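Below is one structure; the comments refer to it alone.
For the single chain, residues carry numbers from 1 onward in sequence order. Everything numeric here is computed off the predicted structure, so don't read it as measured data.
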Amino acid sequence: MLENNPTLLTKKNTIIILCFSSVTAKITDPISKNPANPKSQAHLLTLSSPSTPNPIDLSQLYDTEATKMSAFLHQRPLYSTLSDPSPLSPRQSSSSQRPISLFSRTGLIALLSLLLILGVILPWTGTPSIFSSTRPASQTKWQQYTLSQAVSFVARNKTVIVCAVSQPYLPFLSNWLISISRQKHQDKVLVIAEDYATLYKVNEKWPGHAVLVPPAPDSQTAHKFGSQGFFNFTSRRPRHLLRILELGYNVMYNDVDMVWLQDPFPYFEGNHDVYFTDDMAAVKLPDHSHDLPPPGKKGRTYICSCMMFMRPTDGAKLVMKKWIEELQAQPWSKTKKSNDQPAFNWALNKTAGQVDLYLLPQAAFPTGGLYFKNQTWVQETKGKHVIIHNNYITGFEKKIKRFHDYGLWLVDGHSSESPLGKL
């Protein structure tokens, strides 16, 4: 209790306790006009101020400066939830002291002070209060929601569309979902939340369509490209995808800084293991090969890990396992600020002879370095674009502005088309 251990109060309690002390210090005994035994009351409160940064135990102060305390605490006992329910001195009795009415001005101020202490200070210190209810049952439910349960819930025709999102990217998630809804594929979307705020928000708006695979990475650093947080965030991706493949589902993965202009599923023709896109901005011939491109200057290809479609085959699982191995062999460091894409390319290059790989047509799935920077090509391939990726640029504001400039930022005027509604 507060009255039994005033020294537990810390500096951040100063303002509230000071307000309460100033109220009680004005209370005098209306019968005797003498201050009630100050020593018996001093233990009730602690006082702190700018000149006394550390809490002062008034009972100790009374022992050494009784005269000053009598003048300062010219008051009688305050019978509130902060006072001791039993008298401390035989000289104090109910006949000589009249309790303060709860509905009097003094009583209301005292009650308000108590409510402030319970409702403001205790939550700051992590102490439960009467105002902090236990975690809602819905939040507990989503914490226990597993990836296998989520995939089973959202899958249509044994196929799921997956993205991985942290809270800063929620506007991009909604923008992406609007474009998918226009192609009638939103029901099969599963959001892998990379923080609990995203998990709760998405499932609040769209129950069952978000799952968190613990442990959650640091969402505050996950969005900064090149950071260790970004590496930790993206390196979880192949584990999620491998698990879904092992459950027996086809899986399409997208980054959420994408917009669908057409239905991509007709392009996943045949029975190949892994379908992917080239991240190079160089223009290809309209009838270019669908084989894995030759390695570049760094000895590997430059395939984008941002968009892929896989069937639950041994070949696709092998690529995911190899991707995980490559990430472990090439961890992030301050001198080598890597991300998940080089490891993905090494995995493709090293398994190419064992896996049926398929490069999607460039005109339908262009990289941002081509679509946003080569308007001649855009006009020549008009009507063929299926999914646009807003890459080759970093920063939230820059990405949003670019989408705005090209009429691809749909959130502002079409939020009602998103399963999440207006965030």
Side-chain angles (χ1 to χ4, degrees), residues 158-164 234-255 258 260 262-330 338-370 384-389 391:
K158 296 295 287 185
T159 300
V160 293
I161 303 169
V162 172
C163 66
T234 57
S235 64
R236 289 162 54 87
R237 186 183 310 168
R239 295 183 183 277
H240 301 328
L241 298 177
L242 175 60
R243 177 58 180 152
I244 294 171
L245 293 173
E246 290 174 337
L247 290 170
Y249 294 87
N250 302 311
V251 56
M252 180 184 186
Y253 176 82
N254 275 190
D255 279 357
M258 292 184 165
W260 289 24
Q262 298 183 47
D263 185 350
F265 281 91
Y267 290 84
F268 306 142
E269 58 187 20
N271 292 299
H272 307 289
D273 297 323
V274 183
Y275 300 72
F276 46 83
T277 64
D278 199 337
D279 211 16
M280 295 296 289
V283 176
K284 298 180 183 294
L285 295 173
D287 58 346
H288 67 76
S289 170
H290 296 290
D291 294 335
L292 184 69
K297 294 180 180 180
K298 295 184 178 181
R300 55 173 171 76
T301 51
Y302 203 63
I303 300 302
C304 189
S305 59
C306 54
M307 208 294 291
M308 63 189 78
F309 178 84
M310 294 178 288
R311 304 190 189 281
T313 61
D314 290 340
K317 295 172 190 175
L318 177 62
V319 172
M320 293 299 102
K321 291 175 182 177
K322 193 63 179 176
W323 189 3
I324 295 170
E325 291 178 9
E326 292 296 325
L327 284 168
Q328 293 172 340
Q330 304 175 45
S338 59
N339 56 72
D340 70 307
Q341 188 158 297
F344 178 60
N345 277 270
W346 284 119
L348 290 173
N349 295 168
K350 293 180 179 181
T351 60
Q354 309 168 62
V355 181
D356 186 352
L357 304 175
Y358 187 85
L359 176 65
L360 291 163
Q362 185 184 53
F365 302 90
T367 182
L370 177 58
K384 296 181 179 179
H385 313 137
V386 177
I387 294 181
I388 306 303
H389 187 199
N391 64 344

Distance-only, no hydrogens or angles: does the [X] side chain make a donor-acceptor pair with backbone N or O of [Y] under 3.5 Å?
{"X": "H389", "Y": "C306", "answer": "no"}
{"X": "R237", "Y": "Y253", "answer": "no"}
{"X": "H385", "Y": "A364", "answer": "no"}
{"X": "D279", "Y": "Y302", "answer": "no"}
{"X": "E326", "Y": "P342", "answer": "no"}

Can you measure from [atom1] ([X]) to [atom2] ([Y]) and round to the nearest 0.5 angstrom?
{"X": "W323", "Y": "Q341", "atom1": "CH2", "atom2": "CD", "answer": "8.5 Å"}
{"X": "R239", "Y": "L327", "atom1": "CZ", "atom2": "CG", "answer": "8.5 Å"}
{"X": "W346", "Y": "R300", "atom1": "CH2", "atom2": "CZ", "answer": "7.0 Å"}
{"X": "L357", "Y": "T351", "atom1": "CG", "atom2": "OG1", "answer": "6.0 Å"}
{"X": "M310", "Y": "L241", "atom1": "CE", "atom2": "CG", "answer": "4.5 Å"}
{"X": "T313", "Y": "H272", "atom1": "OG1", "atom2": "NE2", "answer": "11.5 Å"}

Review point. side-chain hydrogen bond (donor to acceptor under 3.5 Å, both in side chains) between Y275 and D273: does it pass, once the steps are laid out?
Key: CA-CA 7 Å; Y275 300 72; D273 297 323; over 6 Å; no
Check your understanding: What's the verdict on side-chain contact (heavy atoms from CB on, under 4.5 Å) for F344 and M320, showing C-alpha distance, side-chain angles and the deciding distance?
Key -> CA-CA 8 Å; F344 178 60; M320 293 299 102; 4.3 Å; yes
**Study point:** Parallel, tilted or perpendicular, as decided by the 30° and 60° cut-offs, for the rings of F268 and F365
**Key:**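 Ring orientation of F365 relative to F268: parallel.
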Shortest non-hydrogen separation from [X] to [Y] and the atoms involved:
{"X": "G270", "Y": "R311", "answer": "O-NH2, 2.8 Å"}
{"X": "P312", "Y": "N250", "answer": "CD-OD1, 3.0 Å"}
{"X": "L359", "Y": "S289", "answer": "CD2-O, 3.7 Å"}
{"X": "K158", "Y": "G248", "answer": "CE-O, 3.3 Å"}
{"X": "A347", "Y": "V319", "answer": "CB-O, 3.8 Å"}
{"X": "I303", "Y": "N345", "answer": "N-OD1, 2.6 Å"}

A side-chain contact here means heavy atoms from C-beta on lying under 4.5 Å apart; do [X] and [Y] qualify?
{"X": "M307", "Y": "M252", "result": "yes"}
{"X": "Y267", "Y": "I387", "result": "no"}
{"X": "K321", "Y": "P238", "result": "no"}
{"X": "L370", "Y": "Q362", "result": "yes"}
{"X": "F309", "Y": "L360", "result": "no"}

**Study point:** Check against side-chain hydrogen bond (donor to acceptor under 3.5 Å, both in side chains), D278 and T367
**Key:** CA-CA 7 Å; D278 199 337; T367 182; over 6 Å; no
**Study point:** Heavy atoms of other groups near K317 NZ, more than 12 under 6.0 Å
**Key:**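 Yes.
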